[in-house]
Amino acid sequence: MLTGKTIILGVTGGIAAYKAANLASLLKKQHADVHVIMTKNAMEFITPLTFETLTVNKCLTDTFDRNFKFEVEHVELAKKADLAIIAPATANVCAKLAHGLADDMLTTTLLACQCPHIIAPAMNTRMYENPITQDNLHLLEHYGFTIIEPASGLLACGDSGKGKFPDEGLILEYILRAIAYPKDLAGKKILVTAGPTQEAVDPVRYLTNHSTGKMGYALARMAMLRGADVTLVTGETSLTPPPFVDTIRIKSAHDLFEAVTSRSEEQDIIIKAAAVADYRPAVVSDEKVKKSDGDLSLALERTEDTLSYLGAHKRPGQLLCGFAMETSQLEERARGKLERKNLDLIAANNLKVAGAGFGTDTNVITLIDKQQTRHLEQMSKEAAAMEILTVLRDMMK
Ligand code: CTP
């Protein structure tokens, strides 16, 4: 959420200017106070009225507009802003900002801004790849701008290549990462596992479970937004991994064991939200198993218990958080796992409780540590992730 945050959205004259309307709307939905500044050329593509309707603020377009109440408008806004973003940024505005030119409302305001500033260049591929533009972008980076790389694809001019306006959702993530939450996990390395595992039976089939990965992905994203250096080890899911997170894809419980244990030593916190298979087929057939092979019975063998291994090899100061999904005797069983696996925290949820478990957007979690049990109300998986991270952060102190 961006409640209480003032954001300057600079819109410059490229065809992607119309997409800035969606960004303004996304920012408004996050409760930001959005002030749009348009260049003259931007107004050829989209009107100020669009942004004024979306942001409920006057759209600034001209330094010398005499209808404003008299104060040094660009300086006032620059002082008030928590963040400035230019999206889309043309090659022209990148060049002007890189060299300190300030000849309109947008560039003068940006020059007066001391808040974090982000730039999302969008232009024709040849213009983007031109060494002059590239040098200007490097200069802007040097001066502290965060540059969002343009996307690749079919451009409005008919060319194909790099230069497309990035996904508005991705731009929002950049903004949230910059200013949305206290960066109380900065400098911490956190590894999260998410999703189901798949245990092959033959080249066609596998054994798995109903995990969708939502809880683990929410944990990884929230930890990232709170400043942590996050690794996400994920089984197959339909979710898009959060940006700024090092994502490692795995299939089986054995892959997960390898991926996690090879990275566990350097982690400050490991959170195991993945639903890991306890058993796998003892023999994986190289060929597709046929009906004509006769009655099939599947011999199973145990997989490695990654969390038990981590508990047994925990380095001093490292925190381990497990998950327990049960259908009965929740607290007792979860506490048993906490002790057996040498964990610091376990997030337990009962699959049979409404609003908890696989595939839902909410969860009803009981947080159990060595000292106490806390029953949380039903809440979104994002909110539950925040609670878990806060408890772990306090344990680190
Ligand atoms: N876990 C793991 N490796 C496994 C099985 C589970 O790391 N092979 C982790 C899960 O990621 C979870 C925790 O252990 O964080 C508890 O998983 P759960 O399946 O609830 O418990 P189990 O120990 O497997 O016990 P049971 O299946 O009997 O409930």
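In each ligand, atom 1 is the first atom listed, and ligand 1 is the first ligand listed.
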Would you call Arg249 and Asp255 a salt bridge, using N to O less than 4.0 angstrom? no
With side-chain contact (heavy atoms from CB on, under 4.5 Å) as the test, pick out the partner of Thr90 among Asn41, Thr39, Thr12. Thr12
Tell me which part of Ala277 gets within contact of ligand 1: side chain, backbone, both or neither, using heavy atoms under 4.0 Å. backbone
Using modelled atom types only, decide if a donor and an acceptor are shared between the side chain of Arg315 and the backbone of Gln267 within a distance under 3.5 Å. yes
Looking at Gly322, which atoms of ligand 1 are within less than 4.0 Å of one of its heavy atoms? 15 (O)
So which bit of Arg333 gets within less than 4.0 Å of ligand 1, heavy atoms only: side chain, backbone, both or neither? neither
salt_bridge(Asp202, Arg205) N-O dist < 4.0 Å: yes
What donor-acceptor contacts under 3.5 angstrom involve side-chain atoms of residues 343-357, with partners at least two apart or in another chain?
unit_1: Asp344; atom_1: OD1; unit_2: Lys314; atom_2: NZ; d: 3.4
unit_1: Asp344; atom_1: OD2; unit_2: Lys314; atom_2: NZ; d: 3.0
unit_1: Asp344; atom_1: OD2; unit_2: Leu320; atom_2: N; d: 2.8
unit_1: Asn350; atom_1: OD1; unit_2: Lys352; atom_2: N; d: 2.9

Ligand-residue contact atoms, ligand 1 with Leu307, heavy atoms, under 4.0 Å: 2 (C), 7 (O), 9 (C), 13 (C), 14 (O), 15 (O)
Looking only at distances, please establish whether an N/O atom of ligand 1 is found under 3.5 Å from an N/O atom of Phe323. yes
Near Thr303 (heavy-atom distance under 4.0 Å), the atoms of ligand 1 are 8 (N)
Out of Lys341, Lys272, Arg340, whose heavy atom sits nearest atom 14 (O) of ligand 1? Lys341
What I want to find out is whether Lys189 reaches Asp229 closely enough, with some N-O distance under 4.0 Å, to be called a salt bridge. yes
Which atom pair, heavy atoms only, marks the closest approach of Tyr18 to Ile46? CA-CD1, 3.8 Å
Should one rank Leu256, Asp278, Thr306 by closest heavy-atom distance to atom 24 (O) of ligand 1, which comes out on top? Asp278
Counting only nitrogen or oxygen atoms and a 3.5 angstrom limit, does Val276 reach ligand 1? no
For ligand 1, note which part of Asp305 has a heavy atom under 4.0 Å away: side chain, backbone, both or neither. both
Does the N or O separation between Ala274 and ligand 1 drop below 3.5 Å for any pair? yes
